[in-house]
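Below is one structure, written out as structure tokens; comments come after it.
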Amino acid sequence: MSKSENAGQRPHVAVFPCAGMGHLLPYLRLAAMLHSRGCAVSVISAHPTISDAESRSLSSFFSLYPQIRSLEIQLLPLKRNPRFTNDDPFFIQRESIGNSIHLLRPLLASLSPPLSAIFVDFPVLTEFSPIAADFSLPTYTLIVTSARFFSLMAHLPRLLEQEDDISKKSEVCVPHLDPIQVSSIPPQMLDRRHFFVETITSNVASLSYLKGVLINTFTWLEPEAVEALKRNGVDHILPIGPLEAIKAEESDMDLPWLEEQAPKSVLFISFGSRGAHTKEQLREFAAALEKSGWRFLWVLKSGKVDREDKEETEDILGSSFLERTKNRGVVIKGWADQERILAHSAIGGFVSHCGWNSVVEAAKLGVPVLAWPPHGDQRVNAEVVEKVELGLWVRGWGWAGERLIGRDEIAEKLIELRNDERLRERVKEVREKAREERESGGISETLIRDLIHSLKIK
Ligand SMILES: O=c1ccn([C@@H]2O[C@H](COP(=O)(O)OP(=O)(O)O[C@H]3O[C@H](CO)[C@@H](O)[C@H](O)[C@H]3O)[C@@H](O)[C@H]2O)c(=O)[nH]1
């Protein structure tokens, strides 16, 4: 079918997330949003997925949205670039997706109606660019980290050119943005010979072939960073957050214990979709939790990849902790519906690793955060949490594994979180601002409408 024959039809849009739940969930939310606004939607996924959580999410998404088409590529065995020495399974998965991306060609060529546009995840923009060119396919991306961290990534190539050794400085300046602490930047990003920097640099260069850059943030939360991106050359940036939870996430939550708890009495603890702390650190945290007196709901993960995370809760936290706290808290090993939990009236605080989706969810639902960012973009995201007063952050806790944070130190912060009345009031304001931007037919609504309109006239 030619493009002109297709003109009167609904636009057909595909989304193509990279590895990990932190990428898959926002792309599925975007797919659901485009579907609800009248687009025909396809979701491209790479198999085998890196985690069981991703496989489960994809199957439940497609059973909830049978009209959304699933397009799969089967990953080829990875031909390792000798310079790629990273052993993080999520980085290896990114490499595999990049290496197998040409498998999309026959898939895209066979689509009827053909695609009007595609949303490709930032980590694979470079590998996707020849395909976009050959198919003359209008390409967008959805950025799933903070505008603050993305500003840093977008400016990184120039920063590394200008500075001899950033690691010796205390802060870096991205034009039009307040300084970012060097201690917040993942160390690999400071080494210009690192493969990670090469990948960021080429993907930043690839931003120029895109028709638009969407980002899961909202203007009130990160006004300067969104403005800085526009002024620093990413002028096609559109904040569309906070993304709405998909229908699946609105299903009943099987947590009768939570239903019985008093309003704002329960602390929710989750360090994201991958484990982050050593067993020793988790045990220290458990002791602090007990000491703090909070009721708690803890989603525990002890391995990076859920398929390999076989250890029992008792073996991680000790059966005596579970016995002593059985009337005060619940530990769920594995996966729980975080956004549903955060929305529950019993939740009064959130110990978070500050994965960006978690920060946006806490802001949207008005839950005070105790930031404990162990990896990657998470410390820069925690700078946002601190700046907008969505929560507390002890910078000195450092990166994961830098030092063991003791139970007394943690308990003190947990108690501070519970007693901070000013913070409780402030998060209501943050929630209200998020709601206003969503409901006033605000910027993101207008932009999405414009986007869909521009697709229709292609
Ligand atoms: O048991 C769980 C764990 C997570 N989630 C959801 O899964 C998503 C997790 O995303 P995020 O909070 O961003 O954490 P990560 O999974 O750790 O995300 C990775 O991707 C993010 C987006 O790039 C980065 O900001 C993080 O640093 C990186 O670790 C969120 O929507 C959570 O609500 C659940 O529903 N249940």
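Since we're looking at a predicted model, the values are computed, not measured. The basis for the numbers below is simple: all heavy atoms, side chains too, and nothing from hydrogens, waters or symmetry mates. Ligands are counted one by one from 1 in listed order, and the atoms in each one are counted from 1 as well.
- One option in Gly22, Ala245, Ser273 has a heavy atom closer to atom 20 (O) of ligand 1 than any other, and that option is Gly22.
- Around atom 21 (C) of ligand 1, the closest heavy atom drawn from Leu342, Asn357, Asp337 belongs to Asn357.
- The only option from Leu289, Leu297, Leu370 that meets the side-chain contact (heavy atoms from CB on, under 4.5 Å) definition with Ile269 turns out to be Leu289.
- For Ser270, no nitrogen or oxygen atom sits less than 3.5 Å from a nitrogen or oxygen atom of ligand 1, counting backbone and side chain alike.
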- [ ] Give the intermediate values and the outcome of ring pair (Phe, Tyr, Trp, His ring centres under 6.0 Å) for residues Phe150 and Phe122.
- [x] CA-CA 10 Å; Phe150 185 50; Phe122 178 79; 5.7 Å; yes
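- Annotation for ligand 1: atoms under 4.0 Å from non-hydrogen atoms of Val299 are 1 (O).
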Task: Pair His277-Phe271, ring pair (Phe, Tyr, Trp, His ring centres under 6.0 Å): steps then yes or no - done: CA-CA 9 Å; His277 295 293; Phe271 297 109; 4.7 Å; yes
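- Remark: ligand 1 atoms within the under-4.0 Å shell around heavy atoms of Leu25 are 6 (C), 7 (O), 8 (C), 31 (O).
- Near Lys301, meaning under 4.0 Å from one of its heavy atoms, ligand 1 places the atoms 1 (O), 2 (C), 3 (C).
- Side chain to side chain, Glu54 and Ser51 meet the donor-acceptor criterion of an N or O pair below 3.5 Å.
- Annotation: salt bridge (Lys or Arg N to Asp or Glu O under 4.0 Å) contacts of Arg324 (sequence neighbours excluded): Glu290.
- Contact atoms of ligand 1 toward Glu361: 30 (C), 31 (O), 32 (C), 33 (O) (distance under 4.0 Å to a heavy atom of the residue).
- Every atom of ligand 1 is numbered from 1 in the order shown, and the set under 4.0 Å from a heavy atom of Asn381 is 25 (O).
- Evaluation of the salt bridge (Lys or Arg N to Asp or Glu O under 4.0 Å) rule for Lys387 yields Asp178, Glu224 as partners, not counting sequence neighbours.
- The existence of a salt bridge linking Arg94 and Glu127 is confirmed by a sub-4.0 Å separation between a basic side-chain nitrogen and an acidic carboxylate oxygen.
- Residue Gly272 has at least one heavy-atom neighbour below 4.0 Å for each of these atoms of ligand 1: 3 (C).
- For ligand 1, the atoms sitting less than 4.0 Å from at least one non-hydrogen atom of Ala336 are 1 (O), 2 (C), 34 (C), 35 (O), 36 (N), numbered in the order shown with element in parentheses.
- For ligand 1, the atoms sitting less than 4.0 Å from at least one non-hydrogen atom of Asp377 are 24 (C), 25 (O), 26 (C), 27 (O), numbered in the order shown with element in parentheses.
- Among His23, Gln338, Glu339, His353, the residue whose heavy atom sits closest to atom 15 (P) of ligand 1 is His353.
- Judged by distance alone, the side chain of Asn203 and the main-chain N or O of Pro123 form a donor-acceptor pair under 3.5 Å.
- Selection from His375, Arg379, Gln378 by nearest heavy atom to atom 29 (O) of ligand 1 gives Gln378.
- Between Glu416 and Lys413 there is a salt bridge, since at least one side-chain N of the basic residue sits less than 4.0 Å from a carboxylate O of the acidic one.
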